[in-house]
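The structure appears right after this line, and notes come after that.
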Amino acid sequence: MNRENPTATIMVIDDTPANLKLLEQMLHGRGYRVMEFPRGDMALKAAAKNPPDLILLDIMMPEMDGFEVCRRLKADKKLKDIPVLFISALDDTESKLQAFSEGGVDYVAKPFQEAEVLARVKTHLELWRMRRELEIYSHHLEDLVREKVQEISDSQLATIVAVSKLAEYRDDETGQHIERTRTFCRMLARKLRKNRRYAQSITDAFIENIYHAAPLHDIGKVGIPDNILLKPGKLTPEEFEIMKTHTTIGANTLQAVRARYPKNAFINMGIAIARSHHEKWDGSGYPDGLSGEDIPLSARIMALADVYDALRSKRPYKEAFSREKARTIIEEGAGTHFDPVVVEAFLALEPEFSAIREQME
């Protein structure tokens, strides 16, 4: 017997006994626990007592149709996140659109194929599991930072860097990435201060803060599951969407700290860097699609430092790029990926960047 996930519980709601029996046999044969109900009201009561991991829901049922069942599920705080897959004989576009608008995650038309149903069930259970793990990681990370950051002093800065390394050690065996990138950020900031455009905004305090805040750029990766963070191949679109959330996880965690220290420039810069270091000059980045100078200066500096170090480093999915190739990629990204002025500063400092990269392996 090929068991997909023997611990998952699937609720099937359909007023046709033959469909209930067929789906129960199909799912039970793959090791799933199955709860069967011929009516929506019965299913809602059972779900309230024992929430399933996923629901297969028919639309055309007496008394309460599938759309109403789904509306009630989504209105219940305890049940609203359970994925609902509609299975119906209705195959028109309007019904499918309504199913998705009511909160369904997928739609299978009857008569259904066993392989298709099992594949969709497996996919949505996996996505549901990853979302739950992501929430757990996020809450744990927030608690961890809240515990560690009592006062912003030299000793606490060291603690925050240590917390940041928890993320880095998961996908960077040496943990030197954050040490190199914080050094690159400080070098770029010092160079940019000589540019009249940034002479007023880049102060001694700015340089000090970016050096200490740069290690926080990927702190949100603590909230990304290992099977995505450490995947050796290309991420699927769904996996990449989860990967992208490390920016908002990190920023939201630090915002909880800022609530206690609202005027602290170091924490404020850490939030800006964590959230916006994947934004691009042309607006094609994430999570907010910011462009140009709407992207915080600290994040624009961090973006270049982070990409340069990633290009020069070996990753599960690529070999390290040469100094020349990394320089070319950064230079070609001016005005699209990177702030052109930051790229100009990098090009002037590139020999020093390369030397530091080799020293801090």
For V121, does its backbone N or O pair with a side-chain atom of H124 as donor and acceptor, under 3.5 Å?
-> no

In chain order, what residues pass the side chain to side chain donor-acceptor pair (under 3.5 Å) check against E350, with sequence neighbours excluded?
-> R323

S101 to Q98 - nearest heavy-atom pair and separation | OG-O, 2.8 Å

What do you reckon, is CZ of R196 surrounded by more than 12 foreign heavy atoms closer than 6.0 Å?
-> no

Do the charged groups of R120 and E116 touch, with an N to O distance under 4.0 Å?
-> yes

Qualifying residues under salt bridge (Lys or Arg N to Asp or Glu O under 4.0 Å), relative to E68, sequence neighbours excluded | R71, R72

Give a yes or no answer on whether the side chain of K231 reaches the backbone of D226 with a donor-acceptor pair at less than 3.5 Å.
-> no

Would one find more than 12 heavy atoms of other residues, nucleotides or ligands at under 6.0 Å from atom NZ of K78?
-> yes

Heavy-atom neighbours of E344 CD exceed 12 at 6.0 Å | no

M243 and I224, any side-chain heavy atoms less than 4.5 Å apart = yes

Spatial distance of atom CG (L85) from atom CG (D106) [nearest 0.5 Å] | 5.0 Å

Note: G103 and K74 closest approach over all heavy atoms is O-CE, 3.5 Å

Would a 4.5 Å heavy-atom cut-off, applied to side chains only, mark I210 and M302 as touching?
-> no

Ignoring hydrogens and geometry, is there a side-chain-to-backbone donor-acceptor pair from K80 to A75 under 3.5 Å?
-> no

Cationic N near anionic O, under 4.0 Å, D58 to K110 = yes

Quick one: does F206's side chain get under 4.5 Å of M269's, heavy atoms only?
-> yes

Any ring pair (Phe, Tyr, Trp, His ring centres under 6.0 Å) pairs touching residues 41-72, not counting sequence neighbours?
-> F67-F86

Are the side chain of K96 and the backbone of A99 linked by a donor-acceptor contact shorter than 3.5 Å?
-> no

Mind checking what makes side chain to side chain donor-acceptor pair (under 3.5 Å) contact with K244, not counting sequence neighbours?
-> E241

d(N19 CG, I87 CD1) to nearest 0.5 Å is 8.5 Å

Do the non-hydrogen side-chain atoms of V342 and W281 ever get within less than 4.5 Å of each other?
-> no

Applying side chain to side chain contact (heavy atoms under 4.5 Å, CB included), run through E102 and V84 and close with a yes or a no.
-> CA-CA 10 Å; E102 298 292 357; V84 176; over 6 Å; no

Pair up each side-chain donor or acceptor in residues 185-193 with any protein partner under 3.5 Å, not counting sequence neighbours, and list the distances.
from : atom 1 : to   : atom 2 : distance (Å)
R193 : NH1    : D204 : OD1    : 2.5
R193 : NH2    : D204 : OD1    : 3.3

Separation between CG (L56) and OG (S88), nearest 0.5 Å, reads 12.5 Å

Between D53 and R33, is the closest basic N to carboxylate O distance under 4.0 Å?
-> no

Residue pair R312 / S354, side-chain heavy-atom distance below 4.5 Å = yes

Would I178 and D218 count as a side chain to side chain contact (heavy atoms under 4.5 Å, CB included) if you check the C-alpha gap in whole Å, the side-chain angles of each, and the deciding distance to 0.1 Å?
-> CA-CA 9 Å; I178 62 174; D218 275 342; over 6 Å; no

Of the non-hydrogen atoms in M11 and A43, which two are nearest, and what is the gap between them?
-> CE-O, 3.6 Å

Cationic N near anionic O, under 4.0 Å, R39 to D41 | yes

R30 side chain reached by L118 side chain, heavy atoms, under 4.5 Å | yes

Apply the test salt bridge (Lys or Arg N to Asp or Glu O under 4.0 Å) to residues K21 and E24: give CA-CA distance (whole Å), side-chain angles for both, the deciding distance (0.1 Å), then the verdict.
-> CA-CA 5 Å; K21 184 174 180 61; E24 190 278 333; 6.0 Å; no

Any donor-acceptor N/O pair, D288 side chain to L290 backbone, under 3.5 Å = no

May I ask you to test the L216-I273 pair for a side-chain heavy-atom distance under 4.5 Å?
-> no

Closest contact, heavy atoms only, R300 versus I295 = NH1-O, 2.6 Å

Please step through side chain to side chain contact (heavy atoms under 4.5 Å, CB included) for the pair L125 and Y32, ending with a clear verdict.
-> CA-CA 11 Å; L125 281 173; Y32 297 115; 3.4 Å; yes

Are the side chain of E279 and the backbone N or O of G289 linked by a donor-acceptor pair below 3.5 Å?
-> yes

Would a 4.5 Å heavy-atom cut-off, applied to side chains only, mark H177 and D306 as touching?
-> yes

Contacts of H278 that satisfy ring pair (Phe, Tyr, Trp, His ring centres under 6.0 Å) - sequence neighbours left out | H246, Y286

